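Letters go in sequence order (proteins before strands), and every chain restarts at 1. Here the structure is a predicted model, which is why all the values come from computation and not from measurement.
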Protein chains: 2
Amino acid sequence: MKNKRITIKDVAKHAGVSISTVSRFMSNPDSVSEKLGEKIQKTIEKLNYHPNRIARSLRTGTTKLIGFLIPDITNPAFLLIVKGAEDYLKKRGYSFILGGANHSVKEETKLFKTLISQNVDGFIFIPSGNQNDELAEFLKLHNLKMVFVDRRYEEINAPYIGVDNTGGVEKMVDYLVRTGCKSFVYLCGEKTSSARERLEGFLKGVSKNRIKDYQILQGEFTFESGYNLVKKLENIPDAILGGNDLMAFGAIEALKEKGLSIPEDVSVTGFDDMFFSKYYKPALTTVRQPIYEMGKMAGRVLFTILSGKKIRKMNYILDTEIIIRDSSK
Amino acid sequence: MKNKRITIKDVAKHAGVSISTVSRFMSNPDSVSEKLGEKIQKTIEKLNYHPNRIARSLRTGTTKLIGFLIPDITNPAFLLIVKGAEDYLKKRGYSFILGGANHSVKEETKLFKTLISQNVDGFIFIPSGNQNDELAEFLKLHNLKMVFVDRRYEEINAPYIGVDNTGGVEKMVDYLVRTGCKSFVYLCGEKTSSARERLEGFLKGVSKNRIKDYQILQGEFTFESGYNLVKKLENIPDAILGGNDLMAFGAIEALKEKGLSIPEDVSVTGFDDMFFSKYYKPALTTVRQPIYEMGKMAGRVLFTILSGKKIRKMNYILDTEIIIRDSSK
DNA sequence: TTGTAAGCGTTATCAT
DNA sequence: ATGATAACGCTTACAA
């Protein structure tokens with residue numbers, strides 16, 4: 001059963017040429033005479049030869065491996081980003097080592113080092129939070145080929161691909177004001193750059209529209225958090241904006257339990273436009289992010305870096321879109 | 001900026017020993033005298049030396065990389081399996097290269113070869129369908145270290161970790177009969193081993209309970225498919241069993257549009273117990289699979305194989321659990 | 001155009 | 001207990 005591996009040597013011997021000719025043929029077929037080229041090609045096929053990536057990597061210093069670090073491997077939104085990047089980069093010969101940090105800054109640091117020890121050529125990184133001092137220090141030291149997607153460390157000098165969180169929420173406030181809402185509650189997610197940007201959008205929105213009657217509730221990006229926050233809310237406003245769709249769903253459930261109807265009594269909106277949001281009762285009005293495109297762009301930017309070219313800018317901010325459904329007037 | 005990589009040579013030179021001593025110290029500290037061991041350890045720390053995995057791989061023939069091939073990178077259920085396996089194997093020094101086949105048999109074959117060319121030590125595989133003859137042929141030829149999870153090719157001789165699909169649906173039929181249902185419709189998913197096993201469970205269930213009034217509708221594992229199938233259903237039965245939760249949701253929507261109430265007019269059940277199923281209106285009665293545990297078991301079995309030990313059995317079938325919520329009487 | 005040989009950073013075999 | 005050295009499979013000067 002000992003299936004001896006076929007190497008470039010075997011091909012060379014069978015084709016009656018030297019191994020360098022075979023190697024040269026593979027990287028640039030034109031650099032070999034037509035006659036030998038054909039013979040080599042035939043031999044490669046006959047022996048079913050596949051070059052050993054490891055040996056090649058050792059020699060060239062490149063592995064064609066990309067490390068992709070995300071907060072939670074189980075969240076479809078993150079994986080849609082991964083998919084975008086993968087679709088772009090796999091065409092170019094790269095594979096992905098994926099790591100999920102379970103939202104833990106400690107695991108994140110560890111995973112990062114593991115990926116590095118696997119000699120990945122580059123990194124795509126969605127941070128779990130923005131408090132990872134150890135990792136930030138490490139990044140400053142190492143100067144890796146890396147891009148941030150969706151979230152970032154502001155103090156690290158690496159390209160960032162994200163969406164216009166601020167503008168998205170601001171647009172939503174505008175829309176709600178137009179439909180007649182006068183009092184607002186904003187459900188803010190935990191400390192990440194996007195949570196902060198969304199909050200900023202809310203603030204801009206209320207200020208621009210001269211809304212004085214608003215409240216900001218601090219929570220987490222989960223169903224339960226949205227539910228709990230709204231459950232203990234005393235004065236129900238005209239509109240509740242969830243920091244993401246999950247929080248909005250939680251808010252909706254809490255409101256239902258209070259006997260309120262949506263959108264008659266209160267408009268509820270989200271941010272993300274998850275797969276389920278259109279099927280929810282009521283179907284959720286929300287801010288859609290071009291998640292897949294974000295990933296694709298991240299792949300593109302990283303590829304540019306890996307190719308040794310200069311990138312045009314450090315921040316790639318994609319636009320959002322307001323999706324109006326039944327949870328708002 | 002040319003950060004020259006620190007190699008075993010540097011450590012040897014600084015510590016005043018030969019490289020073989022350093023190497024030996026790393027793989028087995030006791031094989032080196034205490035005095036030298038300490039000196040080497042100090043030097044390693046001082047220089048912040050990390051062995052080059054690529055070089056090691058070339059020499060030892062092992063990469064500590066696992067290939068994980070799934071039908072759809074965007075489906076949280078598959079990723080929960082991945083997570084289970086990852087949690088088990090990352091403790092043991094393995095990283096994952098993840099590939100999503102987009103439910104395409106063609107992409108699947110290609111990805112498989114890509115992963116092999118990355119010299120992964122082992123494979124965990126959730127097939128996209130069971131029609132991939134080319135891949136099956138390839139697998140027979142290559143005799144890789146691999147396990148199937150969730151779905152399998154019956155003709156390939158590799159361990160399989162799955163759930164008792166048959167028993168799960170059978171239990172559900174029993175339960176529905178007990179609540180008084182007399183006529184049934186089963187919404188069957190596309191051709192995979194688990195779809196077949198679930199259908200078998202339905203058939204066993206109706207036969208055991210002497211139910212004559214039943215119908216099987218062939219579709220796909222999607223919301224839309226469940227919706228369409230039920231939409232054009234003429235005689236509404238007492239119970240509709242979805243091949244998975246998504247199909248059940250689709251069925252529920254179609255029934256609502258027909259003006260029927262659930263569960264008063266008809267009971268609807270699913271299979272999976274997705275994250276959302278408990279929040280759906282009505283909350284879905286379904287068969288829960290221990291998905292995470294499945295992944296963990298897959299990691300365990302693969303690890304056993306990679307360690308060169310014999311495994312006890314070829315099939316690891318985990319139990320399911322009936323979750324009763326509001327979509328059934 | 002083709003071949004020879006050095007070298008990538010390890011581990012493992014064999015002396016010492 | 002320690003050290004030389006070959007070998008893993010490939011790429012790439014350099015020589016022919």
Give one of base, sugar-phosphate or nothing for [X], where a contact means two heavy atoms less than 4.0 Å apart.
| X | answer |
| --- | --- |
| A:Y49 | sugar-phosphate |
| B:I54 | nothing |
| A:T7 | sugar-phosphate |

Exercise for the section: Could you check A:D10 against A:R5 for side chain to side chain contact (heavy atoms under 4.5 Å, CB included), going step by step and ending with a plain yes or no? Expected result: CA-CA 9 Å; A:D10 301 314; A:R5 173 154 200 152; over 6 Å; no
- Query: When the ring planes of B:F125 and B:F112 are compared, do they come out parallel, tilted or perpendicular, using 30° and 60° as the limits?
  - Reply: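 If you compare the ring of B:F125 with that of B:F112, the planes turn out perpendicular.
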Checklist entry - Relative to each other, are the rings of A:Y88 and A:F303 parallel, tilted or perpendicular (30° and 60° limits)? => result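 Perpendicular.
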What's the [atom1]-[atom2] distance between [X] and [N], to the nearest Å?
| X | N | atom1 | atom2 | value |
| --- | --- | --- | --- | --- |
| B:K13 | D:dA4 | NZ | P | 14 Å |
| A:H50 | D:dC10 | NE2 | P | 12 Å |
| B:K35 | D:dA1 | NZ | P | 14 Å |
| B:E34 | D:dT2 | CD | P | 11 Å |
| A:N28 | D:dT11 | CG | C1' | 14 Å |
| A:I19 | C:dT2 | CD1 | P | 16 Å |
| A:M26 | C:dT2 | CE | P | 15 Å |
| B:L58 | C:dA12 | CG | P | 13 Å |

Nearest-neighbour nucleotide for the [X] side chain, [options] considered:
| X | options | result |
| --- | --- | --- |
| A:S18 | C:dG3, C:dT10, D:dG3 | C:dG3 |
| A:I8 | D:dG9, C:dT11, D:dC10 | D:dC10 |
| B:A55 | D:dC10, C:dG9, D:dT2 | C:dG9 |
| A:V17 | C:dT10, D:dT2, C:dG3 | C:dG3 |
| B:L36 | C:dT2, D:dC8, D:dT2 | D:dT2 |

Ignoring hydrogens and geometry beyond distance, is the side chain of [X] in donor-acceptor contact with the base of [N] at under 3.5 Å?
| X | N | value |
| --- | --- | --- |
| A:R53 | D:dG9 | no |
| B:R56 | C:dT10 | no |
| B:R59 | D:dA7 | yes |
| B:S31 | D:dA1 | no |

State whether [X] places a side-chain N or O below 4.0 Å from either non-bridging phosphate oxygen (OP1 or OP2) of [N].
| X | N | result |
| --- | --- | --- |
| A:S20 | C:dA5 | no |
| B:T21 | D:dG3 | yes |
| B:S33 | D:dT2 | yes |
| B:T60 | C:dT11 | no |

Given side chains that start at C-beta, do those of A:R24 and A:S20 come closer than 4.5 Å, heavy atoms only?
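They are in side-chain contact.
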Q) Does the side chain of B:L89 come within less than 4.5 Å of B:F96's, by heavy atoms? A)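 Answer yes - side chains close enough.
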| task | Name the residue closer to the 5' end of DNA chain D, choosing between A:N52 and B:R24 according to the nucleotide with the nearest heavy atom. | result |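 Whichever sits nearer the 5' end wins; that is B:R24.
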Passes side chain to side chain contact (heavy atoms under 4.5 Å, CB included), A:K83 versus B:N102? Steps please.
-> CA-CA 10 Å; A:K83 189 171 164 156; B:N102 290 321; 2.5 Å; yes
